[in-house]
Undergrad: 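Dropping the structure in here first, questions after.
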Amino acid sequence: MPSNRTAALQLIGKIQAGRALDTLLRQVHSAPAVASLTDSTGGSANNTLQAVGATNGSDQSAAINNNFADLSAKVNELIAAFKTAGLLP
């Protein structure tokens, strides 16, 4: 299996016209900046989305906040990875 760098170079090699690559690069670099999310849920991210029981019988806010914290952490990881790869400004 080729490395990510090798796969990216192969993809670039398959772009037929230099103009297409130039257009793609201009679109990527003119995209609006994407800010990381601020997690104010008070939940704890642990890479697991928890099942949330019925909310009418007991307080389920911890499980709900933990789920939002997990999602926030993953979105921020994706934003950072895209920025590192040069796909986001």
Side-chain angles (χ1 to χ4, degrees):
M1 172 177 247
S3 69
N4 288 342
R5 184 174 190 281
T6 302
L9 292 173
Q10 289 172 346
L11 178 61
I12 290 171
K14 291 180 181 178
I15 296 174
Q16 294 179 351
R19 184 173 177 199
L21 179 58
D22 180 58
T23 300
L24 175 64
L25 290 174
R26 274 190 274 118
Q27 288 173 344
V28 166
H29 290 288
S30 65
V34 178
S36 294
L37 294 172
T38 300
D39 180 5
S40 299
T41 63
S44 298
N46 64 0
N47 295 316
T48 302
L49 294 176
Q50 301 175 30
V52 177
T55 58
N56 60 346
S58 62
D59 183 7
Q60 297 291 322
S61 61
I64 293 168
N65 285 334
N66 288 344
N67 285 343
F68 279 114
D70 283 322
L71 293 173
S72 174
K74 288 300 172 191
V75 167
N76 287 340
E77 287 176 26
L78 289 170
I79 290 170
F82 285 142
K83 286 181 177 182
T84 298
L87 298 174
L88 285 175

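This one's a predicted model, so the numbers in the text were calculated from it and none came from an experiment.
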Undergrad: May I have all residue pairs that pass salt bridge (Lys or Arg N to Asp or Glu O under 4.0 Å) and include part of residues 40-60, sequence neighbours excluded?
TA: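 Salt bridge (Lys or Arg N to Asp or Glu O under 4.0 Å) check on residues 40-60 returns no pairs.
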
Undergrad: Once rounded to the nearest 0.5 Å, what's the spacing between atom CD of Q50 and atom OG of S44?
TA: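 OG of S44 is found 9.0 Å from CD of Q50.
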
Undergrad: Are F68 and V52 linked, directly or through intermediate hydrophobic residues, by side-chain heavy-atom contacts shorter than 4.5 Å (ILVMFWY only)?
TA: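 Yes: a chain of side-chain contacts under 4.5 Å links V52 to F68.
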
Undergrad: May I ask you to decide if A80's main-chain N or O and T84's side chain share a donor-acceptor pair within less than 3.5 Å?
TA: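 Looks like yes, one N/O pair under 3.5 Å.
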
Undergrad: Counting only N and O atoms by type, is there a donor-acceptor contact under 3.5 Å from the side chain of N76 to the main-chain atoms of L37?
TA: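 Yes.
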
Undergrad: Minimum heavy-atom separation for A63 and A51, please, with both atom names.
TA: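 Closest pair (atom of A63, atom of A51, distance): CB-O, 4.4 Å.
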
Undergrad: CD1 of I64 to OG1 of T41: how many Å apart, nearest 0.5 Å?
TA: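 Rounded to the nearest 0.5 Å, the CD1-OG1 separation comes to 11.5 Å.
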
Undergrad: Taking atom CD of E77 and atom CG of N47, what is their separation to the nearest 0.5 Å?
TA: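 Spacing of CD (E77) from CG (N47) equals 6.5 Å.
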
Undergrad: Tell me whether V34 is reachable from V75 by hopping between hydrophobic residues (I, L, V, M, F, W, Y) whose side-chain heavy atoms are closer than 4.5 Å.
TA: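 Same cluster.
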
Undergrad: What pair of heavy atoms forms the shortest contact from D39 to S72, and how long is it?
TA: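 Reported closest heavy-atom pair: CB-OG, 3.7 Å.
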
